[in-house]
K.L.:
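If you scroll down you'll find the structure; I have some questions about it.
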Amino acid sequence: MNSPNPALVTQRAAQRLPRLALLLFCAAYVIPGMFGRDPWKNADITAYGYMVNVAEGRSSWLAPAVGGVPADAALLPYWLGAVFVKVLGPWLGSPLAARLPFALLLVLVLVLTWYSTYHLARTDAAQPLPFAFGGEANPVDYARAIADGALLALIATLGLLLLGHETTPELAQLASVSLYLYALSATPFRGWPPKAAVLVALPALAASGAPAVGTALGIVGMILCHYSGHAPARRFVPWVATSTLLGAMVAWLLGAWGWRLNADVSASQVVGTLKLLAWFTWPAWPLASWTLWRWRRQLLNRHIAVPLGCALVSLVACVAMGGSDRALMLALPPLAVLASFALPTLQRSTAAAIDWFSVFFFSICALTIWVVYVAMQTGVPAQPAANVARRVVGFTSSFSLVALVFAVLGTLGWMWLVKWRTGRNRHPLWKSLVLPASGVALCWLLLMTLWLPLLDYARSYRPLIDRIAQHVPRNACISAQALPRGQVVALEHMGGYEVDAVGDAEASRCEFRLQLESRRRPKPPIAGWTLVARERRPSDSDEVTAIYRRKPPLERSTSR
């Protein structure tokens, strides 16, 4: 009969990833994108607007608003960003100051994922089988190697790449879920840290706009702890229950209870959700699936049950919300933990397939980024330069020696890693995830150095605001009732306009009025208003912003 434990690991395979290399991985993943750019459309700049308005006293701390439009109930992330803007904004600038705490939250997610995996791998059921004549992995070394693999798996996931670098409440939710995962994982081994962590995690999740997810996680956590074979885990149930109750109270006090369920389910929506699951959680989901198969006789043990329970809550929330990628993001840390336990059971052919796919895929991506960059700088090759000019109208390329140096260093590091991995380094457990993680970090680094001016021009509202400023004087009052909140923020903080986004345009005292239209199907003129111009963002092919000016009273009465 086969053993229920599929892990056979030698001491040589349990070597940990060098700490300097691990730190460089994290730095290459977290730091790019923090500097030298505007807040981007849509969620990024919307959250930024609430934070800056609170910090500058334009709206209340208990009721953040932009253009009169109130925020949702995710007050904690807005307060966090507002504090940093208020303290560091005068020196760093408001966009960077608001971005800084969320970069620290991303670092916290990475750290908590590592420690969660480490503690789960220390449990007896997760340890590899002993060899008849010795030589099996040391328990601590094995746990460190598995934790290194989980961290690499999280960095490699495609879904975290963009959403993890935004200034949005969802990143605070992700940190809260990671803290809760750590609390459940560490409770058999640690004293007060898991208790403090769980008391903070679920209330913070509720204050960040996800009280229903927090309640579901609390219920799952109580069930897991109650049926655990570890006595400290069973004694942890009251702490989880208290945290769940505190989270519900926080949500009630902030008015955060709300349901965003999608009752209309269609075949296309199901297909879209499946596609989202496939690419968003890659490569964690195939490895996590392999873990569930190989460890299927130990599904009730903590190292499988804890991350599986947390992941299922987020997956159900994603499906219930009609395929929300931001709900699915909360499943990434527990999926990375599950993926790491596949590493001791991977066959050599599977590991080789992962390596070669990563080499070809990320090398092609990096080469594409470099070719387009050279085309933008020199005009050669001509076709990529023409494509950029056609798709991002008005963009003028600029050169940065610092960005080029970091891009070259990152590319050389990737080449060295490919050489190292394709050599004879077959022993470390985490070896199969080095190239996927480093490939993601490389492409992100290249995008945020070589392509940053292009991406910032395409995704920022600043070019549109500059075009609007040609027709609307600065400090003018604009009625923008139908505009998205991100554009309202841009009008306020990039244009310096006074924006009324809630009042009726006819009753408003504003002289100018903006509304979104389709370039292919423009709306008819508005009675009592003169169409001044139609402007669009350089990267929007169809969406335009129509600019109207109120007619003088005499002209209005004559036209009637």
K.L.:
Give a yes or no on whether a salt bridge exists between Arg19 and Asp148, defined as a side-chain N under 4.0 angstrom from a carboxylate O.
P.N.:
yes
K.L.:
Got a donor-acceptor contact below 3.5 angstrom from the Ser460 side chain to the Tyr457 backbone?
P.N.:
no
K.L.:
Mind telling me whether Phe362 and Trp414 have parallel, tilted or perpendicular rings, with 30° and 60° as the class edges?
P.N.:
perpendicular
K.L.:
Taking Cys510's backbone N and O only, do any of them form a donor-acceptor pair with Arg550's side chain (distance below 3.5 Å, no angle check)?
P.N.:
yes
K.L.:
Keeping the roles fixed (side chain from Glu492, backbone from Val489), state whether a donor-acceptor pair exists under 3.5 Å.
P.N.:
no
K.L.:
Salt-bridge test for Arg549 and Glu511: reply yes if a basic N is under 4.0 Å from a carboxylate O, no otherwise.
P.N.:
yes
K.L.:
For atom CH2 of Trp279, is the number of surrounding heavy atoms from other residues, nucleotides or ligands below 6.0 Å larger than 12?
P.N.:
yes
K.L.:
Does the side chain of Arg144 come within less than 4.5 Å of Trp114's, by heavy atoms?
P.N.:
yes
K.L.:
Hey, does Leu491 have a side-chain heavy atom less than 4.5 Å from the side chain of Ile465?
P.N.:
yes
K.L.:
Specify the closest pair of heavy atoms between Leu338 and Thr291, including all atoms of both residues, with the distance to one decimal.
P.N.:
O-OG1, 2.6 Å
K.L.:
Please name the pair of heavy atoms, one in Met329 and one in Leu171, separated by the smallest distance, quoted to 0.1 Å.
P.N.:
CE-N, 4.3 Å
K.L.:
Do the charged groups of Arg520 and Asp542 touch, with an N to O distance under 4.0 Å?
P.N.:
yes
K.L.:
For the residue pair Gln470 and Asp466, confirm or rule out a side-chain donor-acceptor distance under 3.5 Å.
P.N.:
no
K.L.:
Which residue, Lys41, Arg537, Arg521, forms the salt bridge (charged side-chain N to carboxylate O under 4.0 Å, His left out) with Glu543?
P.N.:
Lys41
K.L.:
Between Thr350 and Trp290, do the side chains contain a donor N or O and an acceptor N or O under 3.5 Å apart?
P.N.:
no
K.L.:
Short question: side chain of Tyr497, backbone of Val472 - any donor-acceptor pair under 3.5 Å?
P.N.:
yes
K.L.:
Within a strict 4.5 Å, meaning less than it, do heavy atoms of the Val440 and Leu161 side chains meet?
P.N.:
yes
K.L.:
Check the angle between the aromatic planes of Trp416 and Trp420 and answer parallel, tilted or perpendicular using the 30° and 60° thresholds.
P.N.:
parallel
K.L.:
Side chains of Leu287 and Leu346: does their closest heavy-atom pair fall under 4.5 Å?
P.N.:
yes
K.L.:
Please determine if Arg37 and Asp44 form a salt bridge, counting it only when a charged side-chain N lies under 4.0 Å from a carboxylate O.
P.N.:
yes
K.L.:
Going by the angle between their ring planes, with limits at 30° and 60°, are Tyr78 and Tyr50 parallel, tilted or perpendicular?
P.N.:
tilted
K.L.:
Contact between Tyr461 and Asp38 at the side-chain level, heavy atoms closer than 4.5 Å - yes or no?
P.N.:
no
K.L.:
Measure from the side-chain N and O atoms of Thr157 to the backbone N and O of Gly159, and report whether any donor-acceptor pair falls under 3.5 Å.
P.N.:
no
K.L.:
For Ser340 and Trp430, what are the C-alpha separation, side-chain angles and deciding distance, and is it a side chain to side chain donor-acceptor pair (under 3.5 Å)?
P.N.:
CA-CA 8 Å; Ser340 67; Trp430 37 263; over 6 Å; no
K.L.:
Grab the two heavy atoms, one from Val544 and one from Ser518, that are nearest each other, plus how far apart they are.
P.N.:
CG2-C, 4.3 Å
